[in-house]
Amino acid sequence: MLQLKPCLKPALLSNDSRATLRELAHMKPTKTCHITRAILRNLGSTLETDHNGLYMTSPRFPDVHQSTDSFRSEWLAYNIARKRELDSPDTEQAARLAFVEAESKCETIERLGLPALRDQQHAKLLYRAAQIMQDLIGERPPSDWFRYCEFTGGASTSRNRSESHPSLKWWASPQLEVTPLALKHLEAFRASCQVIDVAWSDPGILSATTYVPKAPIYWRIVPGSRLDFVEKNYRTKRTILIEPDGNMLLQKGVGGIFRKCLRAVGINLNSQKRNQRLAFAGSVSGSLGTIDIAAASDSVTLALLRVLLPWEWYKLIYELRSPVYRDGDEWKTMRKVSSMGNGFTFELESAVFYCL
């Protein structure tokens with residue numbers, strides 16, 4: 001195995017140099033100021049960066065009427081700049097406002113009903129989409145849907161990213177968190193997987209030689225998910241909802257079934273090759289384009305699912321979602337079906353868009 005050796009021995013470094021190296025070691029990969037400056041300089045960009053590699057001004061969208069070569073360089077510089085990091089509360093506030101606005105729209109639709117149902121022609125289209133959905137996923141979830149359940153390495157309500165390895169979740173150590181309506185499904189999943197029954201009944205028995213018996217409690221009830229923010233671009237952060245471990249496990253099962261059903265009709269969510277080929281063809285011929293819908297996943301409402309999904313599917317999704325989320329110290333009702341962070345959000349919205 002190839003081993004990389006340090007080029008400087010710590011004993012030869014001054015205290016100041018060691019402090020600098022420690023700071024560099026904890027620097028985020030996106031803050032590579034020297035590389036960024038070199039790229040911008042070679043692209044002829046006028047954007048300036050500070051000592052951390054952050055852009056001092058907002059990037060300007062390039063002029064589409066200029067030559068191809070000039071546009072290409074400015075387009076690359078623009079996209080590098082718009083993905084910059086900002087240590088500013090304004091980006092989080094912008095994400096929060098967008099999240100609240102989407103929640104407000106979903107709440108209005110839930111209270112007043114789908115506007116499309118009040119128009120006969122649009123209502124017919126919705127019911128036709130519901131027929132397509134039933135053909136796609138069937139009248140009810142398959143009896144073996146637990147086969148598609150899996151843990152990921154993502155953070156959850158009970159553990160941060162550094163403590164979220166799937167093995168710790170499989171051992172239920174510490175305890176898994178789950179919402180009240182999803183608990184019966186988690187217990188059914190446990191009953192279907194006898195091989196992990198020992199680990200879940202007695203967490204830690206497989207993990208250490210200094211084993212101390214624990215009470216056979218592998219879950220803990222929580223109200224719902226937790227609102228958080230991750231990097232997106234220079235204008236705003238991205239809102240996500242960090243889910244309870246048990247819910248996420250079950251949500252991934254539903255997402256896996258939707259993913260399999262979509263693949264059967266030619267939509268492979270595991271590969272971007274078809275999208276890449278079509279995007280290239282569109283860029284050459286001008287005959288194709290893409291639509292980037294703002295807040296797409298945040299706009300799928302329960303009212304829409306009640307029309308599109310067979311009842312047994314709707315019931316399962318309703319019971320596996322988080323009904324509330326914690327924003328700081330306050331619990332708030334979830335108006336949309338789910339947000340990014342949920343294990344079936346992407347697959348569900350893909351199926352909804354396909355049917356519509």
Side-chain angles (χ1 to χ4, degrees), residues 106 133 136-138 140-159 161 164-166 168-170 172 175-193 196 200 218-228 230 238-263 269-270 296-302 304-305 308-310 312-326 334-352:
C106 290
M133 180 69 80
L136 178 69
I137 62 176
R140 58 183 56 85
S143 58
D144 63 345
W145 73 272
F146 290 134
R147 291 175 48 206
Y148 298 89
C149 295
E150 61 179 344
F151 282 117
T152 69
S156 63
T157 53
S158 67
R159 59 197 89 208
R161 185 64 184 269
S164 61
H165 194 276
L168 297 176
K169 297 174 181 176
W170 279 117
Q175 295 169 341
L176 302 178
E177 293 187 341
V178 62
T179 56
L181 290 180
L183 176 59
K184 63 181 181 182
H185 297 290
L186 185 61
E187 291 181 325
F189 171 78
R190 177 195 174 193
S192 71
C193 303
I196 64 171
W200 279 25
Y218 62 92
W219 49 261
R220 186 166 72 91
I221 297 292
V222 294
S225 54
R226 183 178 77 247
L227 182 67
D228 205 349
V230 295
R238 187 191 305 277
T239 56
I240 62 170
L241 290 174
I242 298 178
E243 296 283 326
D245 322 84
N247 289 62
M248 196 182 305
L249 167 72
L250 300 166
Q251 291 162 1
K252 288 289 289 181
V254 170
I257 295 174
F258 272 84
R259 194 173 285 256
K260 177 184 177 182
C261 293
L262 286 168
R263 191 165 186 173
L269 298 182
N270 298 325
S297 60
D298 287 342
S299 301
V300 179
T301 66
L302 289 169
L304 177 62
L305 290 195
L308 293 183
L309 292 181
E312 292 297 326
W313 272 110
Y314 174 83
K315 184 170 176 283
L316 178 62
I317 286 175
Y318 183 84
E319 290 174 344
L320 299 186
R321 66 188 284 271
S322 288
V324 296
Y325 65 93
R326 182 162 59 87
M334 173 81 75
R335 303 299 181 182
K336 63 177 70 65
V337 175
S338 62
S339 184
M340 300 309 296
N342 180 297
F344 57 62
T345 292
F346 178 57
E347 292 86 354
L348 176 61
E349 69 171 313
S350 297
V352 167

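Not measured: the values here are computed from a predicted model.
At distances below 3.5 Å, at least one donor-acceptor pair connects side-chain atoms of K169 with backbone N or O atoms of T152. Using a distance-only test at 3.5 Å, with no hydrogens or angles considered, a donor-acceptor pair links the side chain of T345 to the main chain of S339. R159 places no side-chain N or O within donor-acceptor distance of the main-chain N or O of L176, the cut-off being under 3.5 Å. When atom types are taken as modelled, the side chain of Q251 and the backbone of G343 share a donor-acceptor pair closer than 3.5 angstrom. Looking at R321, its side chain does come within 3.5 Å of a backbone N or O of M334 through a donor-acceptor pair. The backbone N or O of V178 sits nowhere less than 3.5 Å from a side-chain atom of W219 that would complete a donor-acceptor pair.
The CD atom of E312 sits 12.0 Å away from atom CD1 of I317, with the distance rounded to the nearest 0.5 Å. Rounding to the nearest 0.5 Å places OG of S158 at 10.5 Å from CD1 of I242. With values rounded to the nearest 0.5 angstrom, K252 atom NZ is found 12.5 Å from I257 atom CD1. Note: D228 CG to Y325 OH = 13.5 Å, rounded to the nearest 0.5 Å. Atoms CG and CG, on L262 and L269 in that order, are 5.5 Å from each other to the nearest 0.5 Å. Separating the CH2 atom in W145 from the NE2 atom in H185 is a distance of 6.0 Å, to the nearest 0.5 Å.
Across every non-hydrogen atom of P244 and S156, the tightest pair is C-CB, 4.5 Å. When all heavy atoms of G255 and E347 are compared, the pair lying nearest together is O-CG, 3.2 Å. Heavy atoms only, all atoms of each residue included: G154 and S164 are closest at O-CB, 3.2 Å. The two residues K336 and C106 have their closest heavy-atom pair at CB-SG, 3.9 Å. The two residues P310 and G138 have their closest heavy-atom pair at CG-O, 3.4 Å. Here the closest heavy-atom approach between residue F146 and residue S192 is recorded as CD1-OG, 3.8 Å.
Residues D298 and M340 are not in side-chain contact: their nearest non-hydrogen atoms beyond the backbone lie 4.5 Å or more apart. Within the 4.5 Å cutoff, the side chain of L249 has heavy atoms near those of the L186 side chain. L241 is not listed as a side-chain neighbour of N342, based on a closest heavy-atom distance of 4.5 Å or more. Inter-residue side-chain proximity for F258 and W313 is flagged as met; some heavy-atom pair is nearer than 4.5 Å. By the 4.5 Å heavy-atom criterion applied to side chains, N247 and V222 are not counted as neighbours. Looking at Y314 and L302, their side chains come closer than 4.5 Å, going by heavy atoms from C-beta outward. In this structure the side chain of F344 never reaches within 4.5 angstrom of the side chain of L316, judged on heavy atoms. At a threshold of 4.5 Å between non-hydrogen side-chain atoms, the residues T179 and P323 count as touching.
Looking only at atom types and distance, the side chain of T157 has a donor-acceptor partner in the side chain of E177 under 3.5 Å away. Side-chain contact check for N270 and R259: at least one donor-acceptor pair (N or O, by modelled atom type) lies under 3.5 Å.
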